[in-house]
Amino acid sequence: MKANLGYLERNKNECMFEVENETVTRVIVVGETRHLVRLNVNEQNQMFVRFVNGFKTSKLDGAKVTAYIREWFDLNRDLTPFYEMANTDPLLKGPVQNFYGLRVIGVPDLFEALCWGILGQQINLAFAYTLKKQFVEKYGDSIEWSGRKYWIFPSYEQIAQLTPDDLAEIKMTRRKSEFIIGIAQLMASGELSKEKLLGLGSLKEAEKSLIKIRGIGPWTANYVLMRCLRFTSAFPIDDVGLHNSIKQVTAAERKPSKEELMAFSGKWDPWQAYATFYLWRVNY
DNA sequence: GACCAGGGGTGCC
DNA sequence: GGCACCCATGGT
């Protein structure tokens, strides 16, 4: 679990949770109820969840929060086959040793995952975090505890009612504003949902369905398939961070070609998402 | 002040 | 379907 906390801690501008002294604090929403929880790991590498005082919960909600956390950290997945493959792969061997235990940390909420994907398009990661923070702090809700605020991602119902002019104030490009509002409207109408995408049954069908949506291309679709819908074979092949990591690990002079990336994808199948996540960790 | 950033839409062929 | 061009702004 230490490797997972290390991932969460990597960016100081993350606004959806706080990591301090190897303890993660965040709000988890189940149904209508908001729970402020703290997670940490003991010497035996077991994770503990604690409901913060003042936010007590029923047994049923407790089970739902546990399920959320298991999904967030992908704890129901057996990684044995991935490690067997990765240990014999020249690119993955190093990263899986350095970050052993790391899982694809998810973004369980579909709207949040799509927004994060769109915000991250063609800008550096630092600025993407800044944009997300401004977006969340302007349109999201928060719980205050011990003098700090813990944020809840803006709801698609609320964002669906905005105009691009509203979002211009937070330095979001007009195009991105249109994309995010359009997606919020699709979700508010019920046309787009996590359940519907998962109901399509396969990665390819879910990908096709996502790419039809304005603002979602192959990269964003696969990013969301990987981090929200949890297809382990999703592969954001156009990802610049992935290209940089591969270039670094192979000590190559240039970034990998499309053909080389396709060859890696074939070797890593059906664990492309895990391969990508470990390779990202090399640089980020 | 270039150059790049966890891309995507649009128009043209 | 493949390609050039545009978007737009902050980090380095």
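Hydrogens, waters and symmetry mates are skipped; everything else that's a heavy atom, side chains included, is used. Since we're looking at a predicted model, the values are computed, not measured.
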Participant: So does A:Lys138 have more than 12 non-hydrogen atoms from other groups sitting under 6.0 Å from NZ?
Facilitator: yes
Participant: Using OP1 and OP2 only, check whether a side-chain N or O of A:Arg175 sits under 4.0 Å from C:dC6.
Facilitator: no
Participant: Parallel under 30°, tilted from 30 to 60°, perpendicular over 60°: which one fits the rings of A:Trp116 and A:Tyr129?
Facilitator: tilted
Participant: Whole-Å distance between B:dG8 P and A:Ile123 CD1?
Facilitator: 13 Å
Participant: Taking everything shown except A:Lys2 itself, do over 12 heavy atoms lie less than 6.0 Å from its NZ?
Facilitator: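 Atom NZ in A:Lys2 is packed in, count exceeds 12.
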Participant: Whole angstroms only, please: what is the CG-C1' distance between A:Leu131 and B:dA5?
Facilitator: 12 Å
Participant: May I ask you to say what A:Pro236 touches in the nucleic acid, namely base, sugar-phosphate or nothing, with a heavy-atom cut-off under 4.0 Å?
Facilitator: nothing
Participant: So does A:Lys133 have more than 12 non-hydrogen atoms from other groups sitting under 6.0 Å from NZ?
Facilitator: no
Participant: Quickly work out the A:Arg174 CZ to B:dG8 C1' distance and round it to whole Å.
Facilitator: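 Those two atoms, CZ and C1', are 17 Å apart.
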Participant: Look at all strands and tell whether A:Arg281 reaches a base, only sugar-phosphate, or nothing, counting heavy atoms closer than 4.0 Å.
Facilitator: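 No contact.
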Participant: Need to verify one output field. Residue with the more 5' nearest nucleotide on DNA chain B, A:Trp116 or A:Phe179?
Facilitator: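 Mapping each residue to its closest nucleotide by heavy atoms, the 5'-most match is A:Trp116.
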Participant: Is A:Gln121 touching bases, backbone alone, or none of the nucleic acid, heavy atoms closer than 4.0 Å?
Facilitator: sugar-phosphate
Participant: How long is the line joining NZ of A:Lys258 and P of C:dG1, in whole Å?
Facilitator: 14 Å
Participant: If you compare every side-chain N and O of A:Asn244 against the phosphate oxygens of B:dA5 (OP1, OP2), does one of them come in below 4.0 Å?
Facilitator: yes
Participant: Checking contacts here: which listed nucleotide (C:dG10, C:dA8, B:dG8) is nearest the side-chain heavy atoms of A:Gln122?
Facilitator: C:dA8
Participant: Considering only C:dA8, B:dG9, B:dG8, which nucleotide approaches the side chain of A:Arg214 most closely?
Facilitator: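 Per side-chain heavy atoms of A:Arg214, the pick is B:dG9.
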Participant: More 5' along DNA chain B: A:Gly215 or A:Tyr129, using each one's nearest nucleotide?
Facilitator: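 The residue closer to the strand's 5' end, by nearest nucleotide, is A:Tyr129.
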Participant: Reckon A:Thr220 has a side-chain N or O less than 4.0 Å from the OP1 or OP2 of B:dG8?
Facilitator: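 Yes, A:Thr220 has a side-chain N/O under 4.0 Å of OP1/OP2 on B:dG8.
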Participant: Provide, to the nearest angstrom, the distance between the CD1 atom belonging to A:Ile183 and the C1' atom belonging to B:dG7.
Facilitator: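 Going from A:Ile183 (CD1) to B:dG7 (C1'), I get 13 Å.
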Participant: Nearest to the A:Ala126 side chain among B:dG8, C:dG11, C:dG10, which nucleotide is it?
Facilitator: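 Ranking B:dG8, C:dG11, C:dG10 by closest atom to the A:Ala126 side chain puts C:dG11 first.
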Participant: Verify the neighbour count for atom NZ of A:Lys204: are there more than 12 heavy atoms of other residues, nucleotides or ligands below 6.0 Å?
Facilitator: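 Counting other residues, nucleotides and ligands, NZ of A:Lys204 stays at 12 neighbours or fewer.
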Participant: Using a heavy-atom cut-off of 4.0 Å across all strands, would you classify A:Ile213 as base, sugar-phosphate, or nothing?
Facilitator: sugar-phosphate
Participant: When you look at CD of A:Glu260, are more than 12 heavy atoms from neighbouring residues, nucleotides or ligands closer to it than 6.0 Å?
Facilitator: yes
Participant: Suppose you measure atom P in B:dG11 against the same atom in C:dA8; what distance do you get, rounded to whole Å?
Facilitator: 15 Å
Participant: In whole Å, measure the gap between the P atoms of C:dG11 and B:dG8 for me.
Facilitator: 22 Å
Participant: Does a side-chain N or O from A:Lys255 land closer than 4.0 Å to OP1 or OP2 of B:dA5, or not?
Facilitator: yes
Participant: Please classify the nucleic acid contact of A:Ile216 as base, sugar-phosphate, or nothing, using heavy-atom distances under 4.0 Å.
Facilitator: sugar-phosphate
Participant: When the distance from CD1 of A:Ile211 to C1' of B:dG9 is rounded to whole Å, what number comes out?
Facilitator: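 From A:Ile211 CD1 to B:dG9 C1': 13 Å.
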Participant: Could you check how far CZ of A:Phe127 sits from P of B:dG7, rounded to whole Å?
Facilitator: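 After rounding, the gap between these two atoms is 14 Å.
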Participant: Whole-Å distance between C:dG11 P and A:Lys12 NZ?
Facilitator: 17 Å
